[in-house]
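Have a look at the structure below before the remarks.
Counting starts at 1 for both ligands and their atoms, following the listed order. Note that the structure is a prediction, hence the values are computed from the model and not measured.
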Amino acid sequence: MTARLIDGRARAARLRAELAREVAQMRADKGVMPGLAVVLIGADPASGIYVRSKVRACEETGMRSDLHALSDSTSEAELLALIARLNGDPTVHGILVQLPLPPQIDRARVLAAISPDKDVDGFHPINAGRLATGQQALVPCTPRGCMMLLEEEIGDLRGLTACVIGCSPIVGRPMVQLLLHRDCSVLVAHKFTADPGALARQADILVVAAGVPGLVTSDWIRPGAVVIDVGINRITRPDGSSNIIGDVAEGAADLAAAITPVPGGVGPMTIACLLSNTLDAARAANPEAANSNAA
Ligand code: NAD
């Protein structure tokens, strides 16, 4: 038996088409164009690629996106001044500061300086607190995308056992919160967990976000489970060529019901959810512009 592949590209394309329609309606009816400000510091090639794909995705959806590319030597004070300006700009509905940041800049201070209402990455402590307490929040894009895939695959998650491997504030922790909100029983493993496989084996839903290539082997996966592989690991071969693999070993999920491929699973959903968060922030800032389809 081979697990069905969950097509994140197709799901993301549908979501983006839906968002493009809603953006067009908002612009036509209310004259509001959702706007995302993307801040890139330094010349890290991977960050540059991520940022360009986010900017392009915005434009394809009919949103405005302003790229603020700053040098590696930018001071924390300069970055905080830019964020303060963007916080006060009514045409900017979402602010994203691409991570990682250079060493002279304190990441926590910067993320906390972004207005929680424009925090489309969902990393601000206020949004983390709102999510943890079940209030309306801007939710981190990757776990939000994972939930959409799970809900489409399974439907009602109530009463299922989920296991999340990895508990970073960006992926694992918010994923745990979202699964709890859907009434799952949630097990969490991290790098100090003695036997993460023993937890994973109990799970109907296994979400893996450790950043360890091939971590999950077949004996971790309960037959019939739905597996979400969040890991993105670049493997470089001796000849210099490289490819991207996930945290689940090749062939390990043969007995699973379904699994997200890497690439083409969670990754495309992350960008689509960034667009969705930006539209949500624009709606919240312009309540009179909220259309009747608003969630
Ligand atoms: P992180 O390094 O911040 O956190 C990793 C987590 O995994 C930690 O909680 C750590 O304790 C746990 N962990 C590490 N080794 C482990 C082990 N051997 N057993 C069990 N747990 C272990 O990473 P992150 O930012 O949460 O990202 C995790 C992975 O997801 C990375 O590969 C990253 O590239 C990928 N990612 C993908 C997307 C996407 O859009 N698909 C988005 C964000 C992150």
In sequence, state the C-alpha distance, the side-chain angles, and the governing distance for Asn277 and Arg144, and then conclude on side chain to side chain donor-acceptor pair (under 3.5 Å). CA-CA 10 Å; Asn277 278 354; Arg144 188 177 175 197; 2.5 Å; yes
Could you check whether Asp7 pairs with Arg14 (Lys NZ or Arg NE/NH1/NH2 to Asp/Glu carboxylate O, under 4.0 Å)? no
Report, one line per pair, each donor and acceptor closer than 3.5 Å where one atom sits in a side chain of residues 159-173; sequence neighbours left out.
residue, atom, partner, partner atom, Å
Ser168, OG, Ile170, N, 3.4
Ser168, OG, Val171, N, 3.1
Arg173, NE, Cys167, O, 2.8

Is the side chain of Glu152 donor-acceptor paired with the backbone N or O of Met147 at a distance under 3.5 Å, no angle test? no
Could you please provide the protein residues found below 4.0 Å of ligand 1 on a heavy-atom basis, arranged by chain and number? Thr142, Ile165, Gly166, Cys167, Ser168, Val171, His190, Lys191, Ala209, Ala210, Gly211, Val212, Leu215, Val230, Gly231, Ile232, Asn233, Val266, Gly267, Thr270
Could you go through residues 210-220 and list every donor-acceptor pair under 3.5 Å that involves a side-chain atom there, pairing it with any protein atom two or more places apart or in another chain?
residue, atom, partner, partner atom, Å
Thr217, OG1, Asp219, OD1, 2.6

Distance-only criterion, 3.5 Å: show the donor-acceptor pairs between side-chain atoms of residues 248-269 and protein atoms not counting sequence neighbours.
residue, atom, partner, partner atom, Å
Thr260, OG1, Asp229, N, 2.8

